[in-house]
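All values below were derived from every heavy atom in this structure, side-chain atoms included, with hydrogens, water molecules and symmetry-related copies excluded. Residue numbers start from 1 in every chain, and the chains themselves are labelled A, B, ... in the order their sequence lines are given, proteins ahead of strands.
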There are 2 protein chains.
Amino acid sequence: MNSQTKENYLKSIYFLSKKNKEISLTELSDLMNVSKPTANNMIKKLTLIGWVSYEKYKPILLTDKGEKEASLIVRKHRLSEIFLSKIMGFGWEEVHDIAEDMEHLKSEKLFDRMNELLGFPKVDPHGSPIPNKSGEIYEESYINFSKIEHGNNVRLCALENSSKELLVYLNNKNIRLGTELFIKHIEPFDNSVVVNYDGYKSVTLSYEVIKNFLVEKI
Amino acid sequence: MNSQTKENYLKSIYFLSKKNKEISLTELSDLMNVSKPTANNMIKKLTLIGWVSYEKYKPILLTDKGEKEASLIVRKHRLSEIFLSKIMGFGWEEVHDIAEDMEHLKSEKLFDRMNELLGFPKVDPHGSPIPNKSGEIYEESYINFSKIEHGNNVRLCALENSSKELLVYLNNKNIRLGTELFIKHIEPFDNSVVVNYDGYKSVTLSYEVIKNFLVEKI
DNA sequence: TATATAAGTTAGACTAATCTAACAAATAGA
DNA sequence: TCTATTTGTTAGATTAGTCTAACTTATATA
């Protein structure tokens with residue numbers, strides 16, 4: 001299996017390639033805090049795995065396979081951070097270090113469950129997107145509910161920034177990802193909306209709530 | 001630092017010593033699924049760390065230091081299991097494997113927070129006790145609230161078996177570990193009790209609730 | 001464009017964790 | 001109590017990840 005060590009190298013390469021596309025051994029060895037021969041040695045192994053392509057004296061290039069693999073680690077990291085912050089009540093400044101460790105946890109189910117409990121967040125609280133299980137970062141063109149006009153009906157697809165309180169609130173209202181909302185009225189004064197959905201009629205949702213809804217028209 | 005590998009050996013030794021006190025190399029190598037020379041080699045290293053004491057051809061003995069260290073790993077494992085089950089909604093059969101991985105997470109704060117969110121459980125759902133942060137397994141003589149008679153006042157010290165629902169309930173009632181409960185009345189019909197605590201007067205707690213309370217008299 | 005400096009490579013060594021093959025010690029049963 | 005079997009040890013090898021020292025290639029600028 002792929003060791004934590006290799007995963008950490010891959011992640012470093014991934015972040016370096018976001019800025020530069022081409023990465024030098026020195027940049028990598030600096031970021032990883034290892035000697036250049038160590039980084040060189042590791043790059044040869046990562047080439048064998050197929051995560052990077054490398055030729056002597058040339059820059060390091062991340063392959064598609066490597067990029068996908070790295071995205072999955074980033075996904076685990078970001079889900080962990082949000083989970084630690086929203087569900088476990090850690091301060092945002094505390095979560096990074098713990099997530100560095102958690103991102104290497106092997107259980108896929110664990111992260112799927114976190115994702116679910118968090119309401120499938122599209123982005124972490126800093127606005128960084130969460131890659132999906134295939135390692136793809138969808139730049140879905142969901143629309144913020146607050147931009148929708150009367151007469152449209154929408155499906156809730158994602159939450160912009162889902163606090164624990166919001167999730168509990170939506171749970172109580174029986175609104176979940178996929179719920180179809182039929183807009184009866186938009187109140188201009190406070191931007192609240194009145195909707196029908198499932199068995200519920202004329203439910204008022206405040207702007208505080210709906211500004212977090214990423215929806216698509218149906 | 002102590003590697004996950006060493007921690008796993010230590011845990012195996014810990015569980016073997018619960019049954020036998022003296023452990024043979026063969027038992028260990030069998031449990032760890034490694035060859036005898038590998039186990040032998042590792043035992044020498046664990047002796048150096050001070051977790052076990054060992055002399056050629058003699059049985060393996062766990063030291064106090066080793067026992068403490070092992071308890072801390074068990075603590076992390078059991079807290080993880082309860083957390084996965086109670087807070088994350090995993091089936092009890094799914095949690096073990098994930099906890100095997102989580103028990104090696106380094107953050108102390110993470111497990112302290114789990115402990116807190118779970119209401120400081122004394123035992124896991126199978127009745128196995130949770131070692132404390134010092135690695136001690138206290139066999140505290142807390143009394144189950146249902147055994148307390150009228151006229152006594154008590155402090156809530158632990159929960160026997162704390163479901164998520166119970167924790168949410170107690171949270172709403174503002175009852176937490178350490179809360180002092182003054183018994184006004186015990187209803188013989190349904191074993192419910194009426195208590196005063198903090199700012200609250202004459203609050204009725206059902207038997208369903210108080211049967212989970214481990215308390216001490218004050 | 002020649003060369004000083006930066007970047008990258010090779011060689012050789014070390015620790016951790018593992019193996020197999022061969023041998024030695026302990027023990028259990030005839 | 002003698003020996004066959006089980007148990008444990010030694011020796012030597014391998015892979016992963018790391019290092020330093022010495023060397024080579026690339027590059028930047030004088």
Side-chain angles (χ1 to χ4, degrees), chain A residues 1-17 19-63 66 69-70 73 100-101 103-104 106, chain B residues 1-14 16-17 19-62 66 69-70 73 100-101 103-104 106:
Chain A
M1 252 296 66
N2 299 313
S3 64
Q4 286 195 197
T5 308
K6 286 202 185 72
E7 289 189 349
N8 284 333
Y9 276 90
L10 180 61
K11 202 165 50 119
S12 288
I13 293 166
Y14 178 82
F15 287 121
L16 286 172
S17 77
K19 295 179 195 164
N20 278 329
K21 206 76 191 170
E22 296 190 338
I23 308 131
S24 72
L25 251 188
T26 305
E27 282 177 297
L28 181 61
S29 69
D30 283 356
L31 192 54
M32 289 299 297
N33 270 301
V34 296
S35 68
K36 280 187 273 196
T38 297
N40 188 269
N41 180 55
M42 184 55 77
I43 281 301
K44 287 172 185 168
K45 290 179 184 174
L46 299 189
T47 303
L48 245 42
I49 296 175
W51 284 350
V52 300
S53 69
Y54 187 64
E55 287 170 80
K56 264 192 185 182
Y57 299 108
K58 295 270 156 59
I60 301 161
L61 290 167
L62 193 58
T63 64
E69 199 64 34
I73 302 166
E100 281 295 294
D101 219 357
E103 72 192 10
H104 302 292
K106 291 180 295 290
Chain B
M1 252 295 67
N2 299 315
S3 64
Q4 285 194 200
T5 308
K6 288 202 182 75
E7 288 189 353
N8 284 333
Y9 276 90
L10 180 62
K11 203 163 51 119
S12 288
I13 293 165
Y14 178 81
L16 286 172
S17 78
K19 297 178 193 164
N20 278 329
K21 206 79 194 166
E22 295 190 341
I23 308 133
S24 72
L25 252 188
T26 304
E27 284 176 295
L28 181 60
S29 69
D30 283 354
L31 192 54
M32 289 299 296
N33 271 299
V34 295
S35 68
K36 280 187 273 196
T38 298
N40 187 270
N41 181 55
M42 184 55 78
I43 282 301
K44 287 173 186 167
K45 290 178 185 175
L46 300 188
T47 304
L48 246 41
I49 296 175
W51 284 349
V52 301
S53 69
Y54 187 64
E55 285 169 83
K56 265 191 186 184
Y57 299 107
K58 297 270 158 58
I60 300 161
L61 290 166
L62 192 58
E69 199 65 32
I73 301 166
E100 281 294 293
D101 218 359
E103 74 192 9
H104 302 293
K106 291 180 295 292

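- We find the CD1-CD distance between I13(B) and E69(B) to be 12.5 Å, quoted to the nearest 0.5 Å.
- Note: CD1 (I60(A)) to P (dG8(C)) measures 8 Å, nearest angstrom.
- A straight line from CG of N8(B) to P of dA16(C) spans 17 Å, rounded to a whole angstrom.
- Using a cutoff of 4.0 Å between basic side-chain nitrogens and carboxylate oxygens, K11(B) and E100(B) are scored as salt-bridged.
- The distance between atom NZ of K58(B) and atom P of dA25(C), rounded to the nearest whole Å, is 14 Å.
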Find every protein N or O atom lying less than 3.5 Å from an N or O atom of nucleotides 17-21 of chain D, and list the pairs.
residue	atom	partner	partner atom	Å
dG17(D)	OP1	S3(A)	OG	2.4
dG17(D)	OP2	K6(A)	NZ	2.9
dT18(D)	OP2	Y9(A)	OH	2.9
dC19(D)	OP2	S35(A)	N	3.0
dC19(D)	OP2	S35(A)	OG	3.0
dC19(D)	OP2	T38(A)	OG1	2.5

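- Residue contacts shown for K44(A) are limited to sugar-phosphate atoms, with no base heavy atom under 4.0 Å away.
- Counting to the nearest Å, the C1' atom of dT15(C) and the CG atom of L46(B) are 15 Å from each other.
- Remark: P of dT10(D) and OH of Y57(B) are 7 Å apart, rounded to the nearest angstrom.
- Between the side chains of N8(B) and H104(B), a donor-acceptor pair is found at a separation under 3.5 Å.
- Under the 4.5 Å side-chain criterion, counting only non-hydrogen atoms from C-beta, Y9(B) is in contact with M32(B).
- Distance CD (E27(B)) to C1' (dT6(D)): 14 Å, rounded to an integer number of Å.
- The side chain of T26(A) contributes an N or O atom lying less than 4.0 Å from OP1 or OP2 of dG8(C).
- No side-chain donor from either of S29(A) and T26(A) sits under 3.5 Å from a side-chain acceptor of the other.
- Between K56(A) and dT10(C) there is a side-chain polar atom (N or O) within less than 4.0 angstrom of OP1 or OP2.
- Residues V34(B) and M42(B) are not in side-chain contact: their nearest non-hydrogen atoms beyond the backbone lie 4.5 Å or more apart.
- Following rounding to the nearest Å, Y54(A) (OH) and dA7(C) (C1') show an atom-to-atom distance of 9 Å.
- dA16(D) atom C1' lies 13 Å from atom CG of N2(A), rounded to whole Å.
- Taking CG of L10(B) as the reference point, atom CG of L46(B) lies at 7.0 Å (rounded to 0.5 Å).
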